[in-house]
Amino acid sequence: MISPIVQKVKSKVGSELGKTEVECFDKSFLPTADLAEYVLPTHLIPEEYQFVYRMVLEYTQEMIDIGKQKNVNEETHIHPPTFKLMQDLVKHFLSAHEVEFFEKSLTGTVEIGYETSLRTRKGVLPVTGETDQLICIGGVPVGNVEVKNLCMPCNTPTEIGEILAEDKGFAERYRRRVGVEPRLFPSVLVSGQRWVFVDRSFGEGGEQYLLFPALVTFELETVGEGAVYKVDESSVEMVSRMLMRMMHAMEKLIEAIGTTRKRMYDVYACLLYTSD
């Protein structure tokens, strides 16, 4: 029997994807009205929440200061505080594990690159690119952070296409290195002002993507002849809860790595024992 030929089309960089490519993902959008009910019950310890809330609020105030100075460039001004926020949170919640951080720099790093493919109406589209911060355990990705400059809306087809491609590519790397599908792989797209969380889940129906509504942590308001930056405390609260949820999802991925590797060890040990 001759296998059907799958036509490959010219490859694209993840940051160049648009509306057509975004439509190729099996995805759904969580309505803003449903976010609180979806997030509030999840893994919330009051003391831990207060810790995260303080960190996110400090980060938001730092972003406001950066905005006042009109320093919007992501690599110079947004990357360092965003990377540090995520590092501090991961080290706090996942302190029992040897976590690795691979981050975009002027010299670059191989680990933040990814490759995947999309099935389009024209054929299979290879997609490559790199993220800004990848969180790993023993070289296995467990979380992804894409950073934009302070002026970006984080809701255009190009931005959404990029974070979806990254989520897909790094979840597939997890599967290749661990040998099992990650049940839920978390990513976040952040500009310093706007946060968009994305989950890639895998079940009986295959892979699916859930995009959460954009959370805007501060706004610029006009007061008389002046401008005032105002923190949206409800959004800071929700970002804090979503970050806690992301930490929990990464911990589950780490536990799955340990379980899978132990199972493989047990199989090898059994083979060694029965061969004597």
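We count residues from 1, following the sequence as given.
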Inset, instruction - Could you note down all residue pairs passing ring pair (Phe, Tyr, Trp, His ring centres under 6.0 Å) where residues 164-194 supplies at least one of them, sequence neighbours left out? - result: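 Listed once each, the pairs are Y114-F170.
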
I want to check something: taking the side chain as every heavy atom from C-beta on, are [X] and [Y] in contact at a cut-off of under 4.5 Å?
{"X": "V22", "Y": "L164", "result": "yes"}
{"X": "L30", "Y": "P213", "result": "yes"}
{"X": "C154", "Y": "I163", "result": "no"}
{"X": "R173", "Y": "L134", "result": "yes"}
{"X": "H248", "Y": "M244", "result": "no"}

What distance separates [X] [atom1] from [Y] [atom2], expressed to the nearest 0.5 Å?
{"X": "S15", "Y": "E130", "atom1": "OG", "atom2": "CD", "value": "9.0 Å"}
{"X": "R241", "Y": "Y49", "atom1": "CZ", "atom2": "OH", "value": "5.0 Å"}
{"X": "K252", "Y": "T259", "atom1": "NZ", "atom2": "OG1", "value": "9.5 Å"}
{"X": "F29", "Y": "L210", "atom1": "CZ", "atom2": "CG", "value": "9.5 Å"}

Grab the two heavy atoms, one from [X] and one from [Y], that are nearest each other, plus how far apart they are.
{"X": "M242", "Y": "V39", "value": "SD-CG2, 3.2 Å"}
{"X": "S191", "Y": "I78", "value": "O-CG2, 3.8 Å"}
{"X": "P186", "Y": "A249", "value": "CG-CB, 4.0 Å"}
{"X": "K168", "Y": "T116", "value": "CE-OG1, 3.1 Å"}

Using atom types as modelled and distance alone, determine if a side-chain donor or acceptor of [X] lies under 3.5 Å from a backbone N or O of [Y].
{"X": "D132", "Y": "V147", "value": "yes"}
{"X": "T217", "Y": "Q193", "value": "yes"}
{"X": "S235", "Y": "L215", "value": "no"}
{"X": "E237", "Y": "E233", "value": "no"}

Inset, instruction - Carefully, step by step, assess N149 and N73 under the rule side-chain contact (heavy atoms from CB on, under 4.5 Å). - result: CA-CA 5 Å; N149 75 47; N73 180 267; 5.5 Å; no

Inset, instruction - Start with the C-alpha distance between L35 and M238, add both sets of side-chain angles, then the distance that settles side-chain contact (heavy atoms from CB on, under 4.5 Å), and finish with yes or no. - result: CA-CA 9 Å; L35 181 60; M238 200 57 66; 3.4 Å; yes

Inset, instruction - Check the surroundings of atom CZ in R176: do more than 12 heavy atoms from other residues, nucleotides or ligands lie under 6.0 Å from it? - result: yes

Inset, instruction - May I ask you to check whether over 12 heavy atoms, not counting those of E115, lie within 6.0 Å of atom CD? - result: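 No - once you tally the heavy atoms of other residues, nucleotides and ligands closer than 6.0 Å, there are 12 at most.
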
Under 3.5 Å, which donor-acceptor pairs do the side chains of residues 194-202 form with other protein atoms, sequence neighbours left out?
residue : atom : partner : partner atom : Å
D199    : OD2  : R245    : NH1          : 2.8
D199    : OD2  : R245    : NH2          : 2.7
R200    : NE   : E207    : OE1          : 3.3
R200    : NH1  : E181    : OE1          : 2.9
R200    : NH2  : E181    : OE1          : 3.2
R200    : NH2  : E207    : OE1          : 3.0

Inset, instruction - Could I get the full list of side chain to side chain contact (heavy atoms under 4.5 Å, CB included) partners for K12, not counting sequence neighbours? - result: L17, E21, L125

Joint cluster assignment, [X] & [Y], ILVMFWY side-chain distance < 4.5 Å:
{"X": "L243", "Y": "F83", "value": "yes"}
{"X": "I254", "Y": "I135", "value": "yes"}
{"X": "Y229", "Y": "V236", "value": "yes"}
{"X": "L184", "Y": "M246", "value": "no"}
{"X": "F212", "Y": "F25", "value": "yes"}

Listed pairs under 3.5 Å, donor-acceptor, residues 51-67 side chains, sequence neighbours left out:
residue : atom : partner : partner atom : Å
Y59     : OH   : T82     : OG1          : 2.7
T60     : OG1  : V56     : O            : 2.8

Inset, instruction - List the steps, then state whether side-chain contact (heavy atoms from CB on, under 4.5 Å) holds for M250 with I137. - result: CA-CA 10 Å; M250 288 193 290; I137 292 287; over 6 Å; no

Pair up each side-chain donor or acceptor in residues 84-100 with any protein partner under 3.5 Å, not counting sequence neighbours, and list the distances.
residue : atom : partner : partner atom : Å
K84     : NZ   : D88     : OD2          : 2.7
Q87     : NE2  : E103    : OE1          : 3.3
Q87     : NE2  : E103    : OE2          : 2.5
H92     : NE2  : E48     : OE1          : 2.7
E100    : OE1  : G138    : N            : 3.0
E100    : OE1  : G139    : N            : 2.7

Inset, instruction - Identify whether the distance between the nearest side-chain nitrogen and carboxylate oxygen of E162 and K148 falls below 4.0 Å. - result: yes

Legend entry - Partners passing side chain to side chain donor-acceptor pair (under 3.5 Å) against N144 (at least two apart in sequence or in another chain): T131, E166, S187

Legend entry - Evaluation steps, side-chain contact (heavy atoms from CB on, under 4.5 Å), between D232 and E219: CA-CA 7 Å; D232 186 330; E219 295 282 7; 5.7 Å; no

